[in-house]
Protein chains: 2
Amino acid sequence: MSSRATTRPGGRSARVQQSVHQAVRDLEAELGRDALTVPLIAARAGVTPSTVYRRWGDLRELLSDVAVERLRPDAPPADHGSLRADLEAWAVQFAEEMSSTAGRTYIRDALLGDPEQGNAARCSDYAAEQLKALGVRAAGRGEAVPDVETLLDVVVAPLMYRILFRPSDLSVAYTDHLVGVALGRSAPLSPR
Amino acid sequence: MSSRATTRPGGRSARVQQSVHQAVRDLEAELGRDALTVPLIAARAGVTPSTVYRRWGDLRELLSDVAVERLRPDAPPADHGSLRADLEAWAVQFAEEMSSTAGRTYIRDALLGDPEQGNAARCSDYAAEQLKALGVRAAGRGEAVPDVETLLDVVVAPLMYRILFRPSDLSVAYTDHLVGVALGRSAPLSPR
DNA sequence: CAGCCAGACGCAACTTCTTCGCATTAAGCT
DNA sequence: AGCTTAATGCGAAGAAGTTGCGTCTGGCTG
């Protein structure tokens with residue numbers, strides 16, 4: 001029904017999924033997201049539309065699948081020598097990527113998928129994994145580390161809220177402020 | 001192009017918009033959100049599909065408009081005698097309403113509209129208004145009041161993050177915890 | 001108050017998308 | 001190698017989305 005539960009990983013199903021996903025990425029780059037249709041994607045992928053409808057149900061689910069893949073971080077967070085520096089760098093990059101036109105589109109597409117299939121949850125898991133990696137590294141240095149839940153509440157959630165609901169009120173200064181709050185070096189109500 | 005900028009408030013346009021919105025609400029209750037189509041809505045509203053397409057562009061924009069209207073609070077927040085009680089009650093109700101299947105759908109639909117038209121920003125404004133009303137009332141009692149930005153960061157954003165990305169990790173205990181953090185009575189990393 | 005103008009609507013034809021049954025093919029298993 | 005299961009291709013039928021054109025409503029001017 002989706003990219004999950006591919007019963008035959010090495011077989012034709014896998015190839016079809018791969019070529020369809022690739023077709024989505026290609027066509028999105030060429031024509032823009034709003035021009036995508038199932039028949040168009042299917043033709044580019046070399047399959048029939050009915051195959052896409054059977055496997056993904058509708059365009060939303062397909063785009064949701066592809067969007068989540070794009071939101072997956074491709075590398076562990078960079079090491080800047082201290083938790084504060086690592087967190088700031090990660091948060092700023094996160095905010096920049098997610099608040100771009102493309103980033104917001106991916107997030108919205110990911111949220112559109114069936115909640116039961118967990119595409120949205122996967123987005124959060126990606127951020128949590130990155131934060132956990134930062135924390136483990138900092139703990140190795142002997143630094144005190146807030147737990148991941150706290151970082152999600154204090155840094156990620158406010159960033160995502162602004163990205164989705166108040167895109168004009170996002171800035172590097174605000175991001176740094178959130179990191180400061182998370183590390184206990186400034187009050188939640190300090191200047192923004 | 002949308003519910004905004006209705007040039008002739010008392011005229012036919014207004015009646016059409018009203019009947020279309022009502023048709024969306026009725027059909028959504030009867031058939032479920034996924035069964036909605038423009039022709040169906042238009043038939044129920046007594047207009048032709050082309051009218052809907054011309055005024056709203058597509059189904060997404062129409063649903064976005066209707067969703068935002070539903071998210072508008074219908075009354076000022078209840079008065080429970082103290083800021084803490086008011087905030088807790090408001091936050092719990094907010095979380096309950098928004099995390100319901102219908103609530104999540106409304107939020108997702110609202111996010112789907114054209115970002116330039118500010119349907120998403122309006123959602124945030126509604127919450128900000130309610131929080132501001134709470135704050136003004138508490139200040140009238142002589143209580144110290146966190147500013148609205150802080151409450152959005154500490155209470156609303158984490159709630160919304162869980163509603164959208166981690167619906168299974170939302171609880172009244174968590175909501176109360178967030179309110180405690182906002183009022184400075186517990187650390188961000190206390191038990192959840 | 002009568003007539004004019006701009007904008008919105010209805011109608012209808014057309015295009016595209018979506019769904020469905022059935023035949024075919026590929027993958028996994030013994 | 002042969003068999004079973006499941007996914008894909010194909011094509012037709014139905015539904016939805018799109019567009020141009022004529023009509024009508026409502027507001028405005030003289």
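Basis for what follows: all heavy atoms, side chains included, without hydrogens, waters or symmetry-related copies. Chain naming here is simple, since letters A, B, ... match the order of the sequence lines and numbering starts at 1 in each.
The distance between atom CD of B/Q17 and atom P of C/dC9, rounded to the nearest whole Å, is 10 Å. Between the C1' atom of D/dA16 and the CD1 atom of B/I41 lies a distance of 12 Å, rounded to the nearest Å. Straight-line distance from the CZ atom of A/R12 to the P atom of C/dT25: 10 Å, rounded to whole Å. Regarding A/R15, its CZ atom lies at a distance of 19 Å from the P atom of D/dA6, rounded to whole Å. B/R55 has its CZ atom 14 Å from the C1' atom of D/dT25, to the nearest Å. Per the geometry, CD belonging to B/E61 stands 16 Å off C1' belonging to D/dG17, to the nearest Å. Rounded to whole angstrom, the span from the CG atom of B/L59 across to the C1' atom of D/dA15 amounts to 14 Å.
Residue B/L83 comes nearest to B/A144 through the heavy atom pair CD2-O, 3.7 Å, listed as atom of the first residue, atom of the second, then distance.
Along DNA chain C, the nucleotide closest to A/L40 and the one closest to B/G46 are compared, and the more 5′ of them pairs with B/G46.
A/T150 and A/D153 share no donor-acceptor pair across their side chains, judged by distance under 3.5 Å alone.
Judged by distance alone, with hydrogens and angles left aside, B/R54 brings a side-chain donor or acceptor within reach of the base of C/dG10, the pair sitting under 3.5 Å. For A/S50 and D/dC10, a side-chain-to-base donor-acceptor distance below 3.5 Å is present, hydrogens and geometry of angles not being considered.
Proximity of A/T51 to the phosphate of D/dT8: no side-chain N or O atom is located under 4.0 Å from OP1 or OP2. For the OP1/OP2 pair of D/dG17 and a distance below 4.0 Å, the side-chain nitrogens and oxygens of B/Y53 include at least one atom meeting the criterion.
B/D65 and B/R55 are not joined by a salt bridge, as no carboxylate oxygen comes within less than 4.0 angstrom of a charged side-chain nitrogen.
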> Do B/R25 and B/Q22 pass the side-chain hydrogen bond (donor to acceptor under 3.5 Å, both in side chains) test, and can you show the C-alpha distance, the side-chain angles, and the key distance before you say yes or no?
Replying inline: CA-CA 5 Å; B/R25 287 187 287 267; B/Q22 189 61 47; 3.1 Å; yes
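Among the protein residues, A/T37 comes within range of the sugar-phosphate backbone only, with heavy atoms under 4.0 Å from sugar or phosphate atoms but none that close to a base.
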